[in-house]
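See structure below.
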Number of protein chains: 2
Amino acid sequence: MTVGTLKRQPLYVQVRQLLMQRIAGGEWQAHDALPSEWELADELGASQGTVRKALSELVEAGLLYRQQGRGTYVAAAPGDWGEARLLTPGLFMEQPDELAREFLGLSRFNASEDIAEALQLRRLAPLLRIRQLWRRHGAPVALDDALLPAEAFDGMDARWLRGSAGLYGTLQQRFGVRLQVVSEQFRAEMLPREEASLLGVTGMVADVPALCLLRLSADMDGRPLEWRQRYCLTHQLAYTVKHG
Amino acid sequence: MTVGTLKRQPLYVQVRQLLMQRIAGGEWQAHDALPSEWELADELGASQGTVRKALSELVEAGLLYRQQGRGTYVAAAPGDWGEARLLTPGLFMEQPDELAREFLGLSRFNASEDIAEALQLRRLAPLLRIRQLWRRHGAPVALDDALLPAEAFDGMDARWLRGSAGLYGTLQQRFGVRLQVVSEQFRAEMLPREEASLLGVTGMVADVPALCLLRLSADMDGRPLEWRQRYCLTHQLAYTVKHG
DNA sequence: GAGTGGTCTAGACCACCGA
DNA sequence: CGGTGGTCTAGACCACTCA
């Protein structure tokens with residue numbers, strides 16, 4: 001009841017929102033333990049069951065994880081590659097390889113009509129473009145462009161992105177923003193020339209098809225903040241997304 | 001407590017399993033109302049909260065849906081196309097078109113090594129192959145092959161598949177089987193010749209890239225029963241999957 | 001108004017963890 | 001052993017739907 005009653009939201013929703021804010025705000029570091037369900041219940045004036053319901057939803061959303069008998073912990077921000085995996089086509093149980101990230105550059109852009117609409121910006125709004133290359137066993141396999149509204153991330157520094165935190169880590173540490181995937185699209189396309197050269201596909205090789213991924217992500221209040229575009233070479237590889 | 005105590009599973013899991021079986025067994029038709037939470041609680045010797053938790057998980061899995069103030073209903077089997085959608089690349093909010101299904105044929109096959117492993121069958125185990133074509137505004141956009149273990153679906157009749165129920169409807173009505181996606185892979189490939197001709201891509205056109213989807217589905221006990229392979233023409237189109 | 005799902009509580013017991 | 005998450009109950013009240 002001490003939780004601010006903005007609308008007439010159920011109590012567990014208010015608790016969930018409050019905890020989301022406190023997590024995004026950096027009150028706890030990754031892998032820090034939250035107070036126990038009973039402590040939170042006391043503190044927030046709710047019952048343990050209600051707190052539990054809120055926590056469960058945050059666990060499901062990937063912000064927290066639980067260990068029976070130990071406690072509830074803050075999950076690390078997802079890596080820049082995301083929940084996806086690259087593996088051998090047809091093998092579903094295979095343990096996937098880790099991918100190496102290479103930061104290529106930070107530049108400025110103006111939003112095309114599509115992107116402006118998806119990010120709820122005006123036409124030609126300024127964007128930051130963060131370009132990254134992914135390697136598997138040293139060979140380039142994917143090229144990523146993340147497009148972010150420049151105004152929301154004023155002061156973004158390329159040096160942060162070069163570091164080990166990556167883009168998502170930087171957004172969380174420097175801007176207190178944690179993104180969640182809203183929608184994702186897949187498409188097969190011939191690899192465009194610019195992307196081909198960045199991926200090291202030379203003109204000698206015949207044109208290659210690429211898996212083209214578009215992803216829209218939003219912060220925890222639902223404001224769309226990232227348009228991610230990925231060209232992925234799936235020669236002898238397949239792209240998997242987590243399933244419920 | 002009247003629920004059969006096979007293992008030492010939590011009560012809500014037992015309730016969930018029991019209800020899953022009764023739904024798959026056809027005790028209720030699609031859009032039939034289940035007994036109320038209180039009636040189920042009485043009948044099964046559990047509390048309303050426990051029944052509610054079981055029902056919630058089945059709602060999340062898409063087997064049931066709820067309407068506040070009315071009741072809990074059995075959801076229709078998913079269409080053969082699945083939860084995916086085809087829409088214009090970059091437009092995330094677009095209302096997708098319905099696709100028309102065309103049954104192409106039922107044939108017999110022997111499992112390749114990959115497929116045998118994924119479906120937990122011996123090598124060269126007999127399979128049924130159900131081939132379907134999908135059209136959008138009359139134009140072919142995707143070709144589906146569903147591969148099922150022949151032994152599990154003995155007596156499958158092509159006439160059932162030609163009907164409006166489709167494959168998933170037939171599996172549910174005739175075999176009491178309801179499938180759930182286990183894992184999904186995406187890949188970009190040049191369209192192979194056979195698939196190209198079925199999709200009406202003539203030799204005059206240069207080679208086209210195709211989005212290639214592999215999907216493994218299992219029944220509600222987790223036994224893998226379907227290997228689905230889909231070639232999808234994504235010229236001016238993009239493939240979307242539901243997001244939590 | 002009766003019946004339904006949706007929320008919330010207080011209290012209980014269990015299984016698991018670590019000191 | 002005490003503290004944690006995980007389950008379960010009984011009872012309460014609310015919001016919604018439909019007759």
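In what follows, every chain begins at residue 1, and chains take the letters A, B, ... in the order their sequences are listed. As the structure is a prediction and not an experimental result, all values here were calculated from the model. Atom set for the values below is all heavy atoms of this structure, side chains included, hydrogens, waters and symmetry mates excluded.
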B:Asp42 CG to D:dA10 P, in whole Å, measures 10 Å
Can a donor-acceptor pair be found, under 3.5 Å and without considering hydrogens, that links the side chain of B:Gln29 to the backbone of B:Ala76? no
Using side-chain heavy atoms (C-beta onward) and a distance below 4.5 Å, is A:Pro149 in contact with A:Arg223? no
Just compare C:dT9, D:dA15, D:dA10 and give me whichever is closest to any side-chain atom of A:Leu11. C:dT9
Length of the line joining B:Leu40:CG and D:dT9:P, which is rounded to integer Å: 13 Å
Ignoring backbone atoms, establish whether B:Thr50 has a side-chain N or O less than 4.0 Å from OP1 or OP2 of D:dT9. yes
Which of C:dT7, C:dC17, D:dC18 is nearest the side chain of A:Pro10? It is C:dT7
Could you give the CD-to-P distance, from A:Gln14 to C:dT7, as a whole number of Å? 12 Å
For the pair B:Tyr65 and B:Tyr73, name the ring-plane relationship: parallel under 30°, tilted 30 to 60°, perpendicular over 60°. parallel
Please report, rounded to the nearest Å, how far the C1' atom of C:dG5 is from the CD atom of B:Glu57. 17 Å
Starting at CD of A:Gln9 and ending at C1' of D:dA15, how long is that distance when rounded to a whole Å? 14 Å
Quick check on D:dG5: is either OP1 or OP2 less than 4.0 Å from any side-chain nitrogen or oxygen of A:Arg52? no
Tell me the interatomic distance from B:Gln67, atom CD, to D:dA15, atom P, rounded to whole angstroms. 20 Å
Ignoring backbone atoms, establish whether B:Lys53 has a side-chain N or O less than 4.0 Å from OP1 or OP2 of D:dC8. no
A:Gln48, nearest nucleotide to its side chain (from D:dG6, D:dT9, C:dG5): D:dG6
Whole angstrom value for the distance that separates C1' of C:dC14 from CD of A:Glu37: 14 Å
Is the distance between the ring centroids of A:Trp160 and A:Phe103 under 6.0 Å? no
For the side chain of B:Gln68, counting heavy atoms from C-beta on, which of D:dA15, D:dG5, C:dT9 is nearest? D:dA15
For DNA chain C, whose closest nucleotide is more 5', that of A:Gly49 or that of B:Gly71? B:Gly71
Taking only side-chain nitrogens and oxygens of B:Arg70, does any of them come within less than 4.0 Å of OP1 or OP2 of C:dG3? no
Just how far, in rounded Å, is P of D:dG6 from OH of A:Tyr65? 13 Å
Of the candidate nucleotides D:dG5, C:dC8, D:dC18, which contains the atom at the shortest distance from the side chain of A:Thr72? D:dG5
Any idea which of C:dT4, C:dG6, C:dT7 is nearest the A:Tyr12 side chain? C:dT7
Steps toward salt bridge (Lys or Arg N to Asp or Glu O under 4.0 Å) verdict (B:Arg228, B:Asp144): CA-CA 7 Å; B:Arg228 175 77 66 127; B:Asp144 255 25; 2.3 Å; yes
